[in-house]
Amino acid sequence: MNSALRREYLAALGIQAWVARGATALNVAIPAAASAVVARAAAAPAQPSDAPVPREGGADWPELRARVASCTRCTLCNTRTQTVFGVGSQSAEWLIVGEAPGADEDRQGEPFVGKAGQLLNSMLYAIGLKREQVYIANVLKCRPPGNRDPTASEAAECLPYLEQQIALLRPKLMLAVGRIAAQNLLRTNVTLGGLRQKVHRFGLMQVPLVATYHPAYLLRTPSEKGKAWEDLKFARQVCAGV
Ligand code: URA
């Protein structure tokens with residue numbers, strides 16, 4: 001991406017220049033730091049032998065999509081307009097995981113299509129990724145009424161679908177956006193502040209997972225955008241295997 005275009009995106013984020021201190025341009029050199037900060041989910045050890053066996057094992061993409069579309073495992077099926085399966089490239093290296101569909105997503109059947117989604121797109125673009133290049137999904141496939149937080153049992157019922165998406169996708173990196181997504185994926189109550197800037201591992205495949213702020217939170221709290229930018233650069237280092 002050329003730097004003028006990237007600056008335009010950063011401006012859209014309300015950030016004048018997302019530049020690492022000491023760097024000269026937006027094409028920031030990636031320091032060899034990520035390997036030093038691999039902290040295997042200190043508060044929430046990566047799923048060891050007690051990891052649940054995915055109940056959706058064996059399904060291919062169309063079969064899995066069909067199972068999700070007809071799911072009645074929890075009461076959210078009574079209030080949803082439709083399920084929100086996920087979107088993006090099935091050969092994506094990055095899997096972005098949010099919390100649950102909101103009103104816009106419930107209506108359109110696609111994750112992150114509202115204002116938060118626009119900011120997510122800009123955040124991705126700022127690190128050189130187009131929305132179509134990544135895969136985007138949520139912990140929950142159905143909208144909780146009134147956008148309330150997912151319950152523990154809703155998350156437990158729905159996670160096998162995400163686990164099977166991960167098995168099919170085999171991403172190089174998972175980016176959990178927001179506290180709810182990160183805590184549910186890592187099975188911890190540690191705050192987002194305590195989870196970010198570390199490499200966690202998810203599931204049987206031990207996929208590297210990085211946590212950052214939810215774009216909806218960043219829209220409400222723009223002063224935190226700088227930290228989100230640090231997290232994105234960190235995630236990019238992790239994905240590059242630095
Ligand atoms: N927030 C989320 O966490 N996911 C969406 O799909 C939309 C908003």
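Position 1 is the first residue of the sequence, and the numbers go up from there. In listed order, ligands and their atoms are each counted from 1.
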*Evaluate the side-chain proximity of Y135 to I166: yes if any heavy-atom separation is below 4.5 Å, no if none is.*
no

*For S91, does its backbone N or O pair with a side-chain atom of S89 as donor and acceptor, under 3.5 Å?*
yes

*For the side chain of R143 and the backbone of D106, is there at least one donor-acceptor N/O pair under 3.5 Å apart?*
no

*Any idea which atoms of ligand 1 are less than 4.0 Å away from a heavy-atom of P111?*
6 (O)

*So which protein heavy atom does atom 4 (N) of ligand 1 come closest to, and at what separation?*
N138 OD1, 2.8 Å

*Kindly say whether K227 contributes a backbone atom to a donor-acceptor pair with the side chain of R196 at under 3.5 angstrom?*
yes

_Between E230 and K233 (salt bridge meaning N to carboxylate O under 4.0 Å), is one present in this structure?_
yes

_Does ligand 1 come near enough to A100 that some N or O of the ligand is less than 3.5 Å from an N or O of the residue?_
yes

*Report yes if F112 has an N/O atom closer than 3.5 Å to an N/O atom of ligand 1; otherwise report no.*
yes

*Indicate yes or no for a side-chain donor-acceptor contact from E157 to the backbone of E154 under 3.5 Å, with no hydrogens or angles considered.*
no

*Does ligand 1 have any atom that is closer than 4.0 Å to a heavy atom of E110?*
no

*Please answer whether the main-chain N or O of V139 pairs with a side-chain N or O of E99 as donor and acceptor at a distance below 3.5 Å.*
no

*Sub-4.0 Å atoms of ligand 1 with respect to non-hydrogen atoms of G98*: 3 (O)

*Starting from atom 1 (N) of ligand 1, find the nearest protein heavy-atom neighbour and note its residue, name and distance.*
H214 NE2, 3.1 Å

*asked:* Between ligand 1 and A116, can you find any atom pair, the residue atom being a heavy atom, that is separated by under 4.0 Å?
replied: no

_Polar contact flag for E105 and ligand 1 (N/O pairs, less than 3.5 Å)_ = no

